[in-house]
Amino acid sequence: MVSKDLLEILRCPYCVSGETRKPGPDPGRLELVHDCWLVCQEPDCGRKYPIRDDIPVMLIEEGDKWINVAVEDLPVPPPSE
Ligand SMILES: [Zn+2]
């Protein structure tokens, strides 16, 4: 189980970095779904980050893979690489 404290500070790396940083004081907030996915809450992002072996995989390339997958269609548990 990933700690609530950790989840509270994690943000979507795409939405907090460089030129793709979203506006607002706290962009890239994530919602935990299925207890094993972190879904970016920015409306035009759609990236989803798997939690594998209790470790959130916060890589933009990883989030990219799941942009077009609906939240309800995310595999549980996330596939291992
Ligand atoms: Zn994002």
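Both counts, for ligands and for their atoms, begin at 1 and track the order of listing.
Residues satisfying the side-chain hydrogen bond (donor to acceptor under 3.5 Å, both in side chains) test with Trp37, not counting sequence neighbours, are none.
Counting only distances under 2.8 Å, and ignoring water, the protein N, O or S atoms around the Zn ion (ligand 1) are Cys12 SG, Cys15 SG, Cys40 SG, Cys45 SG.
A donor-acceptor pair under 3.5 Å is formed between the side chain of Arg21 and the backbone N or O of Val16.
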Review item, side-chain donor-acceptor pairs of residues 67-74, under 3.5 Å, at least two apart:
none

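Between Met58 and Ile51 there is no side-chain heavy-atom pair separated by less than 4.5 Å.
With respect to Tyr49, the side-chain contact (heavy atoms from CB on, under 4.5 Å) criterion is satisfied by exactly one of Val57, Leu30, Leu10: Leu30.
Contacts classified as ring pair (Phe, Tyr, Trp, His ring centres under 6.0 Å) and involving residues 9-28 (residues at least two apart or in different chains) are not found.
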